[in-house]
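Heads up: the structure comes next, in structure tokens.
Proteins come first, then strands; the chains are lettered A, B, ... in the order of their sequence lines, and each starts at number 1.
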2 protein chains.
Amino acid sequence: MTAHRDQLDALGVAADHRQANGAGRTVPDATVARLALYLRALTSLADAGTATVSSESLASAAGVNSAKLRKDLSYLGSYGVRGVGYDVELLTEQIRSTLGLNQNRAVALIGLGHLGQALAGYAGFASRGFRIAALVDNDAALVGTFVRGLAVQHSDELENLVRAEDISIAVIAVPASVAQEVCDRLVAAGVTSILNFAPAVLNVPPHVDVRKVDLAAELQILSFHDNRKAVQADIEADAALAHSNGAGLSARAGQAGTA
Amino acid sequence: MTAHRDQLDALGVAADHRQANGAGRTVPDATVARLALYLRALTSLADAGTATVSSESLASAAGVNSAKLRKDLSYLGSYGVRGVGYDVELLTEQIRSTLGLNQNRAVALIGLGHLGQALAGYAGFASRGFRIAALVDNDAALVGTFVRGLAVQHSDELENLVRAEDISIAVIAVPASVAQEVCDRLVAAGVTSILNFAPAVLNVPPHVDVRKVDLAAELQILSFHDNRKAVQADIEADAALAHSNGAGLSARAGQAGTA
DNA sequence: GTATGTGAAATGTTTCACAGCC
DNA sequence: GGCTGTGAAACATTTCACATAC
């Protein structure tokens, strides 16, 4: 679990050189995660013909508060105009450049079950700076079929494809039982960033980044909050009851869903 | 292993609640997000026949460090035995109860495109405490078809289904353009927790929680770090070069930026 | 007047390190 | 001896509030 933080903080020498893309500072992780949101909001503003936007309205379009947005943008540099706001096009360009999206990065997608097919067809990838350059599966029935104009290749070809297309980012959408094996092969072939949809912990060397999306975990987190709301509602009902008739505890504490 | 700032709710919710457990403790959001991971790790330990586990090995199975794991578990109460470790079954039960998973919650899934189909078929939902109780789409070609044994209903039925099944959690997997409308209807029908896969910001009243999964945003975050690694590699190459022949800038790899 | 950019304060999270218990 | 549970320190993020610039 050596993390990025280490790499980010150990930049010392790097500072000067990185100004190639206009950003001289180190950008906090929490900020990086939101830049993608701002980008999406900016794109829809641009589509609507807006040329300039205030931190207040951009923040609301992205679903954050304006102080946070301004702080975030300040890490990229000073691209707003006081009393006016931000130029939509300029800011879009700055964020794209900070995220490294100006190179239309090639991405490999491993696993073409329903989820993989959904990912392959997801318009957002193409429109937001990524080109799916390789589709790989080990199911003979899928190999050779075309998904969005690209042929599915057999997994034997994985290493060749990664090298031929100079792919550094891969998406894993295979069953958990084979995720680590696929991961190892990707890393050996030169992939350095992985987005993992399999519900499994991937072990990788320190120079490789893994982000994971765990669908069931997301629901469980919601469940926690939902449960809390139900319990809270019960407590309030009890309080009201105690007030009105001096009685005590509700018998349904812990059983949710009544509200 | 890797962790950016832990990503768990980097793009997370707009909610700030704390739950009172049976004992009255509060569980931090960052901890809640990890409980789901621990649960998954515990389940596979149980399947492997392990009865007791140390914080060290559970942490490594879940991909976190052991101090964090112990701190997290301490918010639930004191369920370990010093010198020994944690009882797998007991701890599983405690986490399930904290997350409110002991009621097999009914979930509605709206949108049965590829992503929706993948979600409907995702075994993890059923096995991890959720029952998909309603499938809804507005495409006439899909209505009446069966997905995993459950009939797809027309979206006109949305409100009826939510009420009939007493659904409080919904998953939105529709195009961004109709996401807000679907969301409004869900909320009006009584849904209080939403997992949103559409790349759109949803506006909801304060009593409703939204978590979002933005697939393109995840890739963009990886892209940022990948880009940084490439730049770093350039810097090191330059340094080496400067050492060996006193020259300056490398033109290598084309990763650095946007001239 | 208006809206950005940013120090400083408040809040949240992770890590450390060790007392306490088996 | 080994491992949990937890205060306290270190670190990271968010919010506040206002000086600064247009």
query = Does a side chain donor of either N102(B) or S97(B) reach within less than 3.5 Å of an acceptor in the other side chain?
reply = no
inquiry  = Please report the distance, rounded to the nearest Å, between CG in L69(A) and P in dT14(D).
reply    = 12 Å
inquiry  = Of the listed nucleotides (dT6(D), dT6(C), dA19(C)), which one gets closest to any side-chain atom of R82(B)?
reply    = dA19(C)
Nearest-Å distance for atom pair OH/C1', residues Y86(A) and dC22(D) = 14 Å
query = Does N65(B) put a side-chain nitrogen or oxygen below 4.0 Å from OP1 or OP2 of dT14(C)?
reply = no
query = Does R70(B) have a side-chain nitrogen or oxygen under 4.0 Å from the phosphate oxygens OP1 or OP2 of dG7(D)?
reply = no
note = Against the side chain of S54(A), the closest entry in dT14(C), dT4(C), dG5(D) is dT4(C)
key: Short side-chain N/O contact from K71(A) to OP1 or OP2 of dT13(D), under 4.0 Å   = no
request  = Run the numbers on D209(A) and R228(B) for salt bridge (Lys or Arg N to Asp or Glu O under 4.0 Å), then give the verdict.
outcome  = CA-CA 12 Å; D209(A) 271 340; R228(B) 171 141 311 177; over 6 Å; no
query = Can you tell which of dT4(C), dT14(D), dT15(C) lies closest to the side chain of K68(B)?
reply = dT15(C)
ask   = So does S55(B) get a side-chain nitrogen or oxygen closer than 4.0 Å to the phosphate oxygens (OP1/OP2) of dT4(D)?
value = yes
query = Does dT13(D) have OP1 or OP2 sitting under 4.0 Å from an N or O in the side chain of Y75(A)?
reply = no
query = Can you tell me if the side-chain N/O atoms of S78(B) get under 4.0 Å from OP1 or OP2 in dG5(D)?
reply = yes
note = D72(B) CG to dG12(C) P, in whole Å, measures 16 Å
ask   = How do G83(A) and A67(B) order along DNA chain D: which one's closest nucleotide is nearer the 5' end?
value = A67(B)
